[in-house]
Amino acid sequence: LTKLKKTLFIVDNYDHIPQSEYGGVWNVLADSEEECFDLITSNDIDPYPEYYSVLRENINKSYKYNVTSETESGIVTSFLT
């Protein structure tokens, strides 16, 4: 496999419940912020479309790490409460 440059996004969850009560984090390996958004929304078992603007903001301000990987884009891990 060819090694590809990707970004590891560490994204706060976008749930409608205040983070003081519930929260979580998504660790996503993606080519772009848009792919990160698509991967989270397609893998979230309890989505809240009305909060997608919050998710986009969380992705924009997330920690981002450039990586070289042979791994395909996808959710690396998530921890949601």
Side-chain angles (χ1 to χ4, degrees):
L1 288 174
T2 303
K3 290 190 176 193
L4 303 172
K5 291 184 179 181
K6 294 192 176 280
T7 302
L8 177 63
F9 295 85
I10 312 298
V11 182
D12 287 335
N13 194 29
Y14 67 103
D15 205 322
H16 68 290
I17 300 169
Q19 275 196 313
S20 60
E21 297 178 36
Y22 296 95
V25 65
W26 294 88
N27 300 306
V28 183
L29 188 62
D31 293 322
S32 65
E33 288 187 5
E34 190 62 32
E35 183 180 34
C36 180
F37 175 85
D38 292 342
L39 287 165
I40 291 174
T41 57
S42 66
N43 284 280
D44 194 354
I45 59 170
D46 200 12
Y48 293 94
E50 62 273 24
Y51 290 93
Y52 282 176
S53 62
V54 174
L55 174 58
R56 287 190 184 278
E57 182 179 322
N58 289 355
I59 291 170
N60 184 268
K61 65 182 182 182
S62 68
Y63 289 105
K64 299 172 187 79
Y65 301 94
N66 293 324
V67 296
T68 302
S69 176
E70 295 176 354
T71 305
E72 291 186 26
S73 297
I75 303 296
V76 178
T77 61
S78 64
F79 176 77
L80 308 172
T81 60

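The closest side-chain heavy-atom distance from Glu33 to Asn60 is below 4.5 Å. Looking at Thr7 and Tyr65, their side chains never come closer than 4.5 Å, going by heavy atoms from C-beta outward. Counting heavy atoms from C-beta outward, Phe9 and Asn27 have side chains that stay 4.5 Å or more apart.
Around atom OH of Tyr63, no more than 12 heavy atoms belonging to other residues, nucleotides or ligands sit under 6.0 Å away.
Partners of Asp44 by side chain to side chain donor-acceptor pair (under 3.5 Å), not counting sequence neighbours, listed by chain and number: Tyr14. Residues passing the side chain to side chain contact (heavy atoms under 4.5 Å, CB included) test with Glu34, sequence neighbours excluded: Ser32, Phe37, Asp38, Arg56. Under the side chain to side chain donor-acceptor pair (under 3.5 Å) criterion, Glu35 pairs with Ser73, sequence neighbours left out. Taking Asp31 as the reference, Lys6 meet the side chain to side chain donor-acceptor pair (under 3.5 Å) condition, with sequence neighbours excluded.
Separating the CG atom in Leu29 from the CG atom in Leu8 is a distance of 6.5 Å, to the nearest 0.5 Å.
For Lys64 (side chain) and Ser62 (main-chain N/O), a donor-acceptor pair under 3.5 Å exists by modelled atom type. At least one donor-acceptor pair closer than 3.5 Å links the side chain of Asn58 to the backbone N or O of Asn13.
Nearest heavy atoms, Cys36 versus Ala30: N-CB, 3.8 Å.
The side-chain contact (heavy atoms from CB on, under 4.5 Å) test with Val28 is passed by exactly one of Asn43, Ile40, Val76: Ile40.
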